[in-house]
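Here the structure comes first, spelled out in structure tokens, and everything after it is commentary.
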Amino acid sequence: MLNLEILRLDDKHLEVKLKGESYTLFSPLVEYLSNDPDVEYVQFDVDHPLQENVYFKLKVRRGTPLEAVQRAVNTILTDLEELEKSLLQ
């Protein structure tokens, strides 16, 4: 289970802190969100490699930040399923 702390959530912004995570989880999420035309900006930072606290920020132009995250996660899962099918054929 992720140790997630919501720092800010409103109609256009989402800011969270995840404890015990690193770049692995957020790199693909940020890449997919960056390709979403409804996303104004997205970024994440790890405060220190030994502490592994990730700070994630998202601002959207249209819709809500949670909708944008859901779209990105769904696209990531679809792409992973397609990769799996391709590899197992």
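The residues of the chain are indexed from 1 along the displayed sequence.
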Look at the side-chain heavy atoms of Ile, Leu, Val, Met, Phe, Trp and Tyr, link any pair under 4.5 Å apart, and say whether F44 and L66 land in one connected group.
-> yes

Taking every non-hydrogen atom, the tightest pair across A68 and L33 | O-CD2, 3.4 Å

E31 side chain to N35 side chain, donor-acceptor N/O pair below 3.5 angstrom = no

In this structure, CD of E15 is separated from CG of L9 (nearest 0.5 Å) by 10.0 Å

Can you tell me how far NZ of K19 sits from CG of L4, rounded to the nearest 0.5 angstrom?
-> 10.5 Å

Can V42 be reached from L25 by stepping across I, L, V, M, F, W or Y side chains whose heavy atoms are under 4.5 Å apart?
-> yes

Y55 pairs by side-chain contact (heavy atoms from CB on, under 4.5 Å) with which of V16, L7, L18?
-> L7

How long is the gap from NZ on K57 to NZ on K17, to the nearest 0.5 Å?
-> 13.0 Å

Check R62, R61, R71 against D36 for a side chain to side chain donor-acceptor pair (under 3.5 Å) and give me the one that passes.
-> R71

Is it true that a side-chain atom of Q89 and a backbone atom of S86 form a donor plus acceptor pair closer than 3.5 Å?
-> no

Begin from the C-alpha positions of V69 and L14 and carry the test side-chain contact (heavy atoms from CB on, under 4.5 Å) through to its verdict.
-> CA-CA 10 Å; V69 169; L14 172 63; 4.1 Å; yes

Over all heavy atoms of both residues, which pair between G63 and K12 is shortest? Give the atoms and the distance, please.
-> O-NZ, 3.6 Å

Under a 4.5 Å side-chain heavy-atom rule over Ile, Leu, Val, Met, Phe, Trp and Tyr, are L29 and L77 clustered together?
-> yes

Can you tell me how far CG of D79 sits from OH of Y32, rounded to the nearest 0.5 angstrom?
-> 3.5 Å

Ring centroid separation F26 to F56 under 6.0 Å = yes

Looking at CD of E52 and OG1 of T24, how far apart are the two atoms once the value is rounded to the nearest 0.5 Å?
-> 8.5 Å

